[in-house]
Amino acid sequence: MTKIILKTIKELNEWRLSNQKDISFVPTMGNLHLGHRELIRESKKLKENLVLLSIFINPLQFNDKEDLIKYPRTINKDIDLACAAGADAIFLPYVDEIFPKNKIKYLKASDDLSKNLCGNYRKGHFDGVCTVVYRLINIVKPKVIFLGDKDWQQLLIIKEMVAKYNIKVAIKSIDTQRDSDGIPFSSRNNLLLKNDREKVRLFSEELFHAKKIFNKTKTIRLNNIRKRLKNKDIKVEYLEHVNAFNLQRSTSEMNITMLAGAIICGSTRLIDHIFLMKRDPIIAIDGPAGSGKSTVTKLIAKKLNFIFLDTGAMYRALSWYLTKEKINYENGKDLNSFLSNISIKFKSVAGSKQNVIINNHNVTDKIRSQEISSIVSSIASIKEVREFLVKEQRKIGEAGGIVAEGRDIGSKVFPNAELKIFLTATINERAKRRKNELEAMGLGTIDFEKLKNEIEQRDFEDSNRKISPLIKAEDAVEIISDGYTINQVVEKIVGIYFETIPKELHL
Ligand code: PAF
């Protein structure tokens, strides 16, 4: 095993140029442990990339000088561990190399994400982290950067920074790695005396105990936990129950939350957390007609073993039935009495297909006709229709574990969905796809321009109707699918899903 140690930016550039490969980057501050080994192993999974691990004790992220002085330095052992785990090179720069005097571009971490938990007790720490990670990314130019869920607040802050500066790097993380006694691996564990280690163990044990109770009661009693920790003589710096994504104090309607704390053992500060979830996650996929939503949603549901909630099909089925029964849907009374007798069900059949049944009529194929396409939007804009179907959709979504597609899923039906996607494509691309789809169904040759006009008209109606118009939810991720295959879009969304939901909750 050859050990490639790069000490300067120049050496790093030469190494990168001589290899001509993308880089998977694992930034560390050294004193590597089995958590880091797992990070390297994870980064090795992207076989086409080279793995570069950096060891740089960043002075800017130490709010306490003493902490910086006593931070464990174990370079030779680190190099051995990193190389044995598969790192292709180690970047070991001096401080001046990363932060040349008077040339530091200082960054500020997101205020919202850094004002509580650790940020409240380590002033300037996350600014220092952002400053060094930004600088390292600029130097290393990685394709992917690997971090641990163990430092969840740091992970959220780095993700926010990357998005804010529009940095072209993917961020992947691994779940908190724990030792056999349940303590998370940390470079600071070496500083613990035996008795202190027992305290950390008891702290982690309390968190897991709280999770067990939460799974039954769906509540966290912070004061009880604080009292129990005090009785065990554990000095708690903070213990908070917060929303796992924005770190605001948890409220009853939040689904994924985090119980996080820091304790002081002797002169060492250690953090740990657990994630809590009330129902399985919901993925909301919105977008205009012909963006590929249905196909993509179906495949995602299959991949994640989620229920596929095809809300578009519900509107189509209702439109079909209203037409068939010749209901005057302009008349509120007639419409309400009609709706009170409606039952729409989805039945899985072989493959990833699912049948749409409305009051015992299997309308799976019929609802895809051009006739239904041309009326569904105006029927979907009727207040009573929307209210009825939104209620039905929420009922299906109560237990979570669903992926739903439509036009107002993220904005109206499931505003608390864990992942919101706005899937779109240019009008030409959408018309092309719909034409192929309809022709493949044996509907003869379809007039492209006519279809394009219809789609444009539908976009206009959907976006301008008064009730639940098609809008991109503020927190939705927009994907423009032109030039991507269906499978590439599916992989992208599944990838975002796995990087959004804490890994611990997938296990
Ligand atoms: O998590 C760490 O080890 C550090 O904060 C990091 C990301 C390497 C930045 O110095």
Side-chain angles (χ1 to χ4, degrees), residues 6 12 23-40 42-43 51-64 67-68 70-75 77-79 81-82 85 87 90-95 97-99 104-110 113-114 117-119 121-140 142 144-162 165 167 169-177 184-191 260 262 268-273 503:
L6 312 163
L12 176 70
I23 294 175
S24 290
F25 180 39
V26 184
T28 80
M29 297 211 300
N31 194 19
L32 303 187
H33 46 67
L34 299 187
H36 291 113
R37 189 179 69 183
E38 216 36 54
L39 266 180
I40 301 169
E42 188 62 27
S43 65
V51 174
L52 178 80
L53 177 129
S54 69
I55 300 175
F56 179 68
I57 301 178
N58 169 31
L60 301 187
Q61 70 188 77
F62 287 83
N63 48 317
D64 172 0
D67 191 23
L68 172 61
K70 68 171 204 253
Y71 196 84
R73 288 156 170 86
T74 52
I75 294 296
K77 201 178 111 260
D78 291 350
I79 294 174
L81 184 147
I90 319 273
F91 184 39
L92 209 62
Y94 293 110
V95 176
E97 192 75 9
I98 298 298
F99 296 130
I104 310 177
K105 177 177 158 68
Y106 288 100
L107 262 67
K108 261 205 78 47
S110 149
L113 293 173
S114 62
L117 306 186
C118 289
Y121 297 86
R122 304 185 71 187
K123 295 289 171 220
H125 164 72
F126 289 118
D127 298 340
V129 170
C130 284
T131 302
V132 79
V133 172
Y134 183 86
R135 174 81 177 127
L136 285 170
I137 291 176
N138 270 321
I139 295 170
V140 175
V144 192
I145 175 163
F146 287 82
L147 297 161
D149 282 1
K150 150 94 175 27
D151 296 305
W152 184 255
Q153 187 173 17
Q154 166 176 283
L155 179 68
L156 291 181
I157 288 172
I158 293 176
K159 280 185 178 172
E160 195 271 349
M161 175 194 76
V162 162
Y165 289 97
I167 304 170
V169 66
I171 298 180
K172 287 186 180 287
S173 70
I174 62 164
D175 60 312
T176 301
Q177 303 293 304
F185 287 113
S186 160
S187 300
R188 287 187 168 85
N189 287 356
N190 285 5
L191 301 170
T268 309
R269 183 184 174 280
L270 289 140
I271 56 170
D272 197 2
H273 65 254
K503 303 289 173 303

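Whatever order the structure lists ligands and atoms in, that order sets their numbers, starting from 1.
Polar contact check, Asn58 against ligand 1: no nitrogen or oxygen pair lies under 3.5 Å apart. Where the criterion is an N or O separation shorter than 3.5 Å, residue side chain and backbone included, Thr28 fails it with respect to ligand 1.
Residue-ligand proximity, Pro27 to ligand 1, at heavy-atom distances under 4.0 Å covers atoms 8 (C). Remark: ligand 1 atoms within the under-4.0 Å shell around heavy atoms of Val132 are 9 (C), 10 (O).
Of the protein's heavy atoms, Gln61 NE2, 3.6 Å lies nearest to atom 4 (C) of ligand 1. Protein heavy atom in closest approach to atom 1 (O) of ligand 1: Gln154 NE2, 2.8 Å.
Using modelled atom types, one side-chain atom of Arg135 and one backbone atom of Ile98 make a donor-acceptor pair closer than 3.5 Å. Using modelled atom types, one side-chain atom of Gln153 and one backbone atom of Leu113 make a donor-acceptor pair closer than 3.5 Å.
Under the rule for a side chain to side chain donor-acceptor pair (under 3.5 Å), Asp64 has no partner lying at least two apart in sequence or in another chain.
A perpendicular orientation is assigned to the rings of Phe62 and Tyr71, their planes being inclined by more than 60° (bins at 30° and 60°).
Contact annotation: the side chain of Val95 approaches that of Phe56 to within less than 4.5 Å [non-hydrogen atoms, C-beta and beyond].
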